[in-house]
Amino acid sequence: MTKDIFYGPDFDLLSQQDPEISAVLLSELKRQQMNLQLIASENFTSRAVLATLGSTLSNKYAEGYPGKRYYGGCEEVDKAEYLAIERAKSLFGADHANVQPHSGASANIAVYQAFTKPGDTVLAMSLPHGGHLTHGSPVNFSGKWFNVVSYGVRQDTELIDYDELRDLAIANKPKMICSGATAYPSLVDFEKVRAICDEVGAIMWVDAAHFIGLVAGKAIPSPVPYADVVSFTTHKVLRGPRGGMILAKEAHAAAIDKAVFPGMQGGPIMSAVAGKAVALKECATPEYQKYAKDVITNAKALCTALEGEGMRAVSGGTQTHLALIDIRGTGVNGKVADERCGNAGIVLNKNSIPFDPEKPGITSGIRVGTPATTTQGMGVEEMKTIASLISRAIRSEDPAVLAGIKSEVHALTSKFPIYNA
Ligand code: DSN
């Protein structure tokens, strides 16, 4: 294991000053290096991105936008934000980019604020069918402050029911229709959603947090030509720093910028803004485009191999970076599967499947994703091995067996080192 990733002398200083926290940094690095990271929303950023996050840009307050700040001394951070904006616009062919949201949820708060008022009706995908907390969950601001009507997937195909979506749009006349999800393995038909939005006069909002990295790598179709506004996170397949971003049509640029600052945030995290610029530059390379395609190839291979292990792929497979797996055939619920896999060094999450008879804290499924393992250089053969390791872990209650699987996991990950000197 290396501590080089923490930039030598500075890390030595931290170790002396704060041994407890420096120990956490080292053990988290070790955890990421040794275990299998299958959380669909996680990835390993480049060292270049990490370098920006540990930089002095973190010290600077920069409320406002480049050239129009409220504090002095912003001439250097302005350059970083201009670069991030221009790179985002160019990569996605967008009219406008706001690179300041601290997270995906922050970006979504700004979208609501730009286009709606509390009490307005919004149509979004239901959380139990794969949506997100900010798409109208009753425990989230979105469900508390807005009248969110939910659409879902068809029970027979487990694909979005566009007929239901259109019927609900006509019946409820929403101000805004949101597409995008956290556990939907298929592609969204943006053309159909645009047509429904036009029919009822709704803003088309795409929450592309999960799949925007695949769009950036030209591996799947882009929502940008269709949508009024696209929000997303920058740390999933996109492989940037933790944060959010919003793309919009020119007509909405001022409303989005006003909603982010001063509407929803104070000073942007300029180290993260610079990290976003670095990641966007990386995304524009042929190497990244190959990576994005490989992520999908690996997800399909993992999904097929898990089916071969007696599990069921929701919606019959995947077209993206993640698979949602109904594991009822194993006789184990999602919570237990998640725990057993964790004990075997396989990090994934329990996940509700559509029409799940189990509670959200238990679930009948697991969600697996391939952004991180693909960054490590794993391919189709490794996906088959991983499916077998998952299947054995889920089916075993014996701690000794799980410890044995963990050793196999470590043998596999040691062949695909991350952040080595
Ligand atoms: N937590 C993210 C995910 O795992 O999909 C969504 O916010």
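As a basis for the values below, the full set of heavy atoms in this structure was taken, side chains included, without hydrogen atoms, waters or symmetry mates. Start at 1 and go down the list; that is how both ligands and their atoms are numbered.
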> Is it the side chain (CB and beyond), the backbone, both or neither of Glu42 that lies under 4.0 Å from ligand 1, heavy atoms counted?
Replying inline: neither
In terms of atom number and element, which parts of ligand 1 are under 4.0 angstrom from non-hydrogen atoms of [X]?
X: His210; value: 3 (C), 5 (O)
X: Thr182; value: 5 (O), 6 (C)
X: Arg367; value: 3 (C), 4 (O), 5 (O)

> Can Ser103 and Ser106 be counted as having a side-chain donor-acceptor contact under 3.5 angstrom?
Replying inline: yes
> Is the Phe92-Phe232 ring centre distance short of 6.0 angstrom?
Replying inline: yes
> So which heavy atom in the protein is nearest atom 7 (O) of ligand 1, and how far is it from that ligand atom?
Replying inline: His132 NE2, 2.9 Å
> How are the rings of Trp205 and His135 set to each other: parallel, tilted or perpendicular (split at 30° and 60°)?
Replying inline: perpendicular
I'd like to know if the side chain of [X] and the backbone of [Y] have a donor-acceptor N/O pair within less than 3.5 Å.
X: Gln100; Y: Gly64; value: yes
X: Lys335; Y: Gly361; value: no
X: Glu358; Y: Ser364; value: no

>> Geometry only, no angles: is Ser41 polar-contacting ligand 1 at N/O separations under 3.5 Å?
In response: yes
>> For the 3.5 Å polar cut-off, considering only N or O atoms, please tell me whether Lys236 and ligand 1 meet it.
In response: no
